[in-house]
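Down below is the structure, laid out as structure tokens.
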Amino acid sequence: MSLEDKYLITVGLEVHCELRTATKLFCGCANTFGSPPNTNICPVCLGLPGALPVLNKRAVEYAIAIGLALNCDIRRSVFARKNYFYPDMPKDFQISQYDEPICVEGFLELPVAGKRVGIVRAHIEEDTGKTTHVGSSGRIQGADFSLVDYNRSGIPLVEIVSEPDMESADEAREYVSELRAILVATGATDGKMEEGSLRVDANVSVRRKGTDELGTRCEIKNLNSLRSLGRAIQYEARRQMEIVEEGGRVHQETRHWNEDSGMTSSLRSKEEANDYRYFPEPDLVPLEPSHEMVESVRATLPVLPPARRAVLSELAGGKPSPSELEQIGTCVALELDGYVNSAVAAGVPFKLALSRAANELAALVGAGGAVANESFVELLRAEDSGRLSATQTKAVMSRLAELGGSVEDAITALGFVGLSDSEVAALVERVTSENPDEWSRYLAGENQLAGFFIGAAMKASGGKVNGRIFSALLAGKREVSRH
Amino acid sequence: MAIVDMSAREMAAAVRAGEISAREVVEAHLGEIAAHDHEVSAFLLVLEDEARRRASEIDAAIARGEEVGPLAGVPIAVKDNMALRGVETTCASRILAGWRPPYTATVLERIEAAGAIVIGKTNLDEFAMGSSTENSGFFATRNPVDPSRVPGGSSGGSAAAVAARFAPLALGSDTGGSIRQPASLCGVVGAKPTYGLVSRYGLIAFASSLDQIGPFARSVEDAAALLAVIASQDPKDSTSLAAGFDASEITSGVRGMRIGVVEEMLDGVSPGVSSVLDAAIAALVDAGATVERVSVPAARFGLSAYYLIAPAEASSNLARFDGVRFGLRVEGEDITETYLRTREKGFGAEVKRRIMLGTYALSAGYYDALYGKAQQVRTLIARDFAAAYERFDALISPTSPTVAFRFGERSDPLSMYMSDVCTIPSNLAGHPGMSVPFGAAEDGMPAGVQVFAPALGEGTMFRVAMALEASAAKPAVPVWRSAAAPGGAA
Amino acid sequence: MSSDQISRDETLHIAHLARLAITDEEAAIYASQLSAVLAHARDIGALDIAGVEPTMHAVSMRNVMREDVVEGSLDRDEVLASAPSSEAGMFVVPRIVGED
Ligand SMILES: [Mg+2]
Ligand SMILES: [Zn+2]
């Protein structure tokens, strides 16, 4: 029995999401990524003596949109100061929401895992600046000095805190990818994990099966891709299992994920309790979103991934198979569900449309390609009518994604213009007369020999014959010959 | 009349009319500063060149027939906790020595737009924490009336500058009485407006929920004129009110007005100050007001609540003085050691004491019992004031329980803190309060009467102040004038 | 509420939280001064104010917000000129150890 079979894993996630506002949370500095260091700074976001914060209305609207999309209650909220000294924090306190956050008690559905993850809260806070550690080792520990850039200081964040409802690395990954899809759909963020628009901290604990008591948790930081998240949780869970297995005790602490080594390492001990001395921010007044404000944000929300998935599930007859579920999830996450809907509306069978969108189209889009919705529909109709084989359809789609142009031009360019019906009929005559033995056996009922004739026809036509039309004509000839 | 003895309004009128130039006004005051500031030490920095340049600009604008604003050519002394771009701003702290802000406080933009001229940055208790201006990180300011005594604080430099005729107007900030108490001790008018009436943008925060900027002047009308210029909503300050102040209605008298004397503010008041208050009451009755005693019970707890709330906010506001982005840095082995050394070296004892107190009041385990409860007391104080204002239009009390004390006389922090017992409650409630000089008390030292009113009741407050001023004895004069011309000012 | 006296150890802990280097002797002085102020403040401890709403702000405004419109930023050179140490357009700080 492996360790993983003896233990249960519990994961809760905190996701920091950068909002796509034009300006920072409390000042008019531009919210942009990649500017030269310290060029988007002002007295407010630099924490200069005497400067005061003023709340960005757009950031509040985005926070409300996120809350609504996550089925939260939108509440009266109060900004607080979280006091601690760190050079990336210009005021040496962070303005955040503490005991009165704007969004509370929501949930998010994991379609594949088939479970609901609770959202404890989502609150507004400001981002910190960025420190670059310079020194011999290049790591935080032992660096000789650090450089600080405050361009990121004060960029609006919404921090989304889940319940510890996930029980595996896969569920955690699914949560983040679903959350990301929802956040991007609301327009609140670009969701770019690689640029830090979405940053994930994972709280991981383990406990032996059969016990109720939750184990001591560790918080893992620096998870900037879904892959890191999955690997880090697996590593950390295993580490904790080994400690418990050997009779040891897990210490509550913050750990740093190192992508290169594939390990987590202790960052600082939480036991010497951070005393953040929270108190209400006296320079900001309470935020009490009115009913009108909440409703006007609700009115701007697009159809969100769960509802879009429901549309596809409906097309699957209300009971999609597990593999269809996965394909539906992929389509919605990549915003390809519109292709499927259009194709089905144009008469293409759902399974075909779903499969082509979730597999070939998804791969092409993932690689940076693009296919127009109308072209996708036209192409799938050609496949469905039998004009193009599956292989040909895929080849045409690749070409479209790479070079664009019309579907007909692509088919012509690839030489997939099929033989005419009379040419196929002639081919049937030719291969049956050239293979009289097989033809007799076929006539006698050996149906599998159809494949033999198709192969022969392909060879004879240099692959241009449409298998489905050939089969139909071959079967027709047999009918005639039998009577 | 000598230029330095004119009121601010007279000066502005004469400058606008071309009777005197702004340059002459500035030179007269620079001359007074050169002659006597060594006896007072009101200024941390005198802006001679900048003031002259500004004055010439104003004179040129007048010559071109341009509109130059209601305070054209009037010098203003500014407490050195308001940011002025490119000009050293220190809060009288070594931690900020040499710091030149890259931006300007909203109030200073407002007064410059009104044609006023910043003539210098005045001394204060470091970070506005104190009641004597002895706690400056650089040097103490002396009371111009008697240089062996303190000017009060924390805006002691501004109060002293106005009393000494170094400027007809000054700006101070008041967190627990820091405008009113030095005004009383130096014999000038000082007003703390309703919280939110004047923008705090650019005021280096002491206690954010209590701080207000306000005017000093030698007359009530001058103070009103300055307040009218600085009171207006500022989009850069989220706590700024959509309100202004109209100085035209303050002369209508107090006939028929109901004025309460706050009982809780009469304890521990010196006999001299007590008789000043009695005379003030008599004057108000003479002017047609009814005056009665009133109890504001929760005011007794003001001092205790204040000494939890103000340090708590200060401990957080002063965290940013860490040697990273501006100001002093004392290099250590690592960042934490750098923080520790920089702040140990840069802050004075009183600032450290309050940071410690505030850190304690906010720390885990004490928040509810200390900071939280103090904020509840604030609600009680506001409630009790509201009840009093149902029966009275305005309230009065002594401004300070005593006249100016001698240097070093109050060494233990608690006895110093007691100086603010009458002024603190209106900061906690957010209401306006002002001090009007009303003659002399012990040793011929000036004493003020405090007038306060409900939120945005500045109009009423100034009317009462006008009535008091009308019957007040001649204000005290700087020592060099009483020595030269016994019996008072020329 | 805790006892009336703040211990020297507690004072040292508070000083570290506030990033103030103090000596043991100073800690003793601060401990007694802080205790005195807090003892005075404890008169509010005797007040029965359960259920009284705290006043966090002297103004009763709500929802003060600005439009999301970009305004000018500061000149970097002017800002860095006031910094104790800078390099490559950034603020230089001594090494950061793995502490909170
Ligand atoms: Mg956070
Ligand atoms: Zn900014």
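A quick note: this is a predicted structure, and the numbers were derived from the prediction, not measured. Convention: sequence-line order gives letters A, B, ...; per-chain numbering from 1.
In this structure, B/Ile335 CD1 and A/Phe145 CZ are separated by 13.0 Å, a value rounded to the nearest 0.5 Å. Going from atom CG of A/Asp92 over to atom CZ of B/Arg325 covers 6.0 Å, rounded to the nearest 0.5 Å.
Taking chain B as the reference chain and counting heavy-atom pairs below 4.5 Å, the highest number among A/Gly28, A/Pro43, A/Cys42, A/Pro280 is found for A/Pro43. When each of B/Leu318, B/Asn317, B/Val324 is scored by its heavy-atom pairs under 4.5 Å with chain A, the top score falls to B/Asn317. Heavy-atom pairs under 4.5 Å with chain A were tallied for B/Ser316, B/Ser209, B/Ser363; the largest tally goes to B/Ser316.
Only the side chain of A/Asn83 comes within less than 4.5 Å of a heavy atom of chain B; its backbone N, CA, C and O stay farther away. Neither the backbone nor the side chain of B/Pro101 comes within contact range of chain A; no heavy atom of the residue lies under 4.5 Å from a heavy atom of that chain. Only the side chain of A/Tyr150 has a heavy atom closer than 4.5 Å to any heavy atom of chain B. Interface residue B/Leu203: only backbone heavy atoms are found under 4.5 Å from chain A. With a 4.5 angstrom heavy-atom cutoff, B/Tyr103 touches chain A only via side-chain atoms. For B/Thr89, no part lies near chain A; criterion is any non-hydrogen pair under 4.5 Å.
Summarising the local packing, CD of B/Glu333 is surrounded by 12 or fewer heavy atoms from other residues, nucleotides or ligands at distances under 6.0 Å.
Taking the side chain as every heavy atom from C-beta outward, B/Arg200 and A/Leu52 approach each other to under 4.5 Å. Considering only heavy atoms from C-beta on, A/Tyr278 stays 4.5 Å or farther from B/Leu362 through its side chain. Within the 4.5 Å cutoff, the side chain of A/Arg277 has no heavy atoms near those of the B/Tyr367 side chain. A heavy-atom distance below 4.5 Å is not found between the side chains of A/Phe93 and B/Ser315. Inter-residue side-chain proximity for B/Asp322 and A/Tyr86 is flagged as unmet; no heavy-atom pair is nearer than 4.5 Å.
For the pair B/Arg320 (side chain) and A/Leu48 (backbone), a donor-acceptor distance under 3.5 Å is present. Side chain of B/Ser238 to main chain of A/Pro53: a donor-acceptor pair is present (N/O by atom type, distance under 3.5 Å, no hydrogens or angles).
Considering all non-hydrogen atoms of both residues, B/Phe326 and A/Pro49 come closest at CZ-CD, 3.5 Å.
Ring pair B/Tyr371/A/Phe279 is perpendicular by interplanar angle, where above 60° counts as perpendicular and below 30° as parallel.
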